[in-house]
Number of protein chains: 2
Amino acid sequence: MTLPHPTTEQISLPLVLSVLGDPTRLAIVAHLARCEGGKGRMSCSRFLALGSKTNLSYHLAKLREAGITRTEAVGTQRFLTLRREDLDQRFPGLLDSVVAGAEFAGLPKLEETFEVA
Amino acid sequence: MTLPHPTTEQISLPLVLSVLGDPTRLAIVAHLARCEGGKGRMSCSRFLALGSKTNLSYHLAKLREAGITRTEAVGTQRFLTLRREDLDQRFPGLLDSVVAGAEFAGLPKLEETFEVA
DNA sequence: TCCTTAGTTCAAAAATTATTGAACAATTGA
DNA sequence: TCAATTGTTCAATAATTTTTGAACTAAGGA
């Protein structure tokens with residue numbers, strides 16, 4: 001069961017910007033970038049502090065559809081990773097500046113977590 | 001008659017991102033950045049190809065309120081400039097990467113124009 | 001003064017996005 | 001097998017954003 005992701009070339013700048021413009025989604029991206037040097041996989045449930053299960057599912061789908069995150073299904077869980085390399089290739093410097101700015105944006109903060117699996 | 005602009009510190013990242021996420025507004029910003037090394041002043045009417053007078057007024061107000069552009073009134077005209085220094089200070093690298101990405105985003109293109117006044 | 005130009009404001013309508021809860025599916029563990 | 005966990009989908013609602021046209025303001029020029 002593979003979820004649909006855009007290819008690197010399909011990633012659209014206006015879409016990326018508007019998807020990142022939502023505080024909940026920006027907090028998710030900032031958290032992914034902060035944890036394990038931005039290479040971490042993280043299950044959706046990590047983000048439950050940011051909203052209901054349903055609403056989170058909606059926001060995470062937006063991130064995936066915009067090409068910002070990759071979602072892999074493992075069992076009943078979904079693991080999220082930042083598509084850092086794809087984004088850096090397509091829009092050099094964008095993710096870094098957004099993540100840096102997000103640290104001071106007063107977004108909902110999530111605890112640092114360590115992903116074992 | 002001075003229009004309200006946020007101070008540099010008031011510029012909010014999520015707001016900047018969502019305002020730039022609209023293709024019309026992104027085209028305006030890309031055009032401002034392209035002309036005269038991004039230092040150009042440009043009257044609103046330069047952008048009429050992108051929409052009606054009323055609609056443009058709406059989008060330009062969004063850009064101003066987000067702190068992306070500065071609008072000065074001169075007679076009946078409004079001149080727009082990019083707030084490049086403020087944005088660079090607040091979110092280093094963001095504007096450059098957005099403008100670079102916008103060149104390949106298939107946005108509505110405006111003619112290069114030369115502002116005399 | 002009267003007209004034109006440049007742009008805003010307002011209210012309504014249209015369109016899009018976000019949020020919710022109920023129902024569902026798939027996996028995992030007891 | 002049964003129950004719990006993880007998350008999705010659907011339909012409805014709420015909220016926000018975008019677009020439009022009519023009316024308006026404020027200069028500037030004839």
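All chains are named by letter (A, B, ...) in the order of the sequence lines, taking the proteins before the strands, and each is independently numbered beginning at 1. Everything numeric here is computed off the predicted structure, so don't read it as measured data.
In this structure, CG of B:Leu60 is placed 15 Å from C1' of D:dT19, rounded to the nearest angstrom. D:dT8 atom C1' lies 10 Å from atom CG of A:Leu3, rounded to whole Å. Atom NZ in B:Lys62 sits about 11 Å away from atom P in D:dT16, given to the nearest Å. Summarising the geometry, the separation between OH on A:Tyr58 and P on C:dA22 is reported as 21 Å, rounded to the nearest angstrom. Taking atom CZ of residue B:Arg46 and atom C1' of nucleotide C:dG7, one finds them 15 Å apart after rounding to whole Å. The interatomic distance linking B:Phe47 (CZ) with C:dG7 (P) rounds to 10 Å, in whole Å. One atom, CG of A:Leu17, and another, C1' of C:dT17, lie 17 Å apart when rounded to the nearest Å. Here the P atom of nucleotide D:dT17 and the CD atom of B:Glu65 are 11 Å apart, to the nearest Å.
The shortest distance between side-chain heavy atoms of A:His59 and A:Asp22 falls below 4.5 Å. Residues B:Pro92 and A:Ser97 fail the side-chain proximity criterion, which asks for heavy atoms closer than 4.5 Å. In this structure, the side chains of A:Asp88 and A:Leu94 stay at 4.5 Å or more apart for every pair of heavy atoms.
Of the candidates A:Arg41, A:Gln77, A:Arg78, A:Glu72 forms a side-chain hydrogen bond (donor to acceptor under 3.5 Å, both in side chains) with just one, namely A:Arg41.
Near DNA chain C, meaning a heavy atom under 4.0 Å from it, residues 48-56 of chain B has B:Lys53, B:Thr54 in order of number.
When each of A:Gly75 and A:Asp22 is assigned the nucleotide of DNA chain C with its nearest heavy atom, A:Asp22 is the one assigned upstream, toward the 5' end. Checking A:Ser18 against A:Thr76, the closest nucleotide of DNA chain C that is more toward the 5' end is the one next to A:Ser18.
With A:His5 contributing its side chain and A:Leu3 its backbone, the two residues share a donor-acceptor pair below 3.5 Å.
Side chain of A:Arg78, nearest nucleotide from D:dG7, C:dT8, D:dT17: D:dG7.
Here B:Ser45 does not reach the OP1 or OP2 of C:dT5: none of its side-chain N or O atoms lies under 4.0 Å away. Taking only side-chain nitrogens and oxygens, B:His59 never comes nearer than 4.0 Å to OP1 or OP2 of D:dT17.
Comment: A:Arg90 does not engage A:Glu9 in a salt bridge, judged by the lack of any side-chain N to carboxylate O separation of less than 4.0 angstrom.
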Decide yes or no on salt bridge (charged side-chain N to carboxylate O under 4.0 Å, His left out) for A:Arg70 and A:Asp86, but give the supporting numbers first. CA-CA 10 Å; A:Arg70 192 173 296 281; A:Asp86 294 333; 3.3 Å; yes
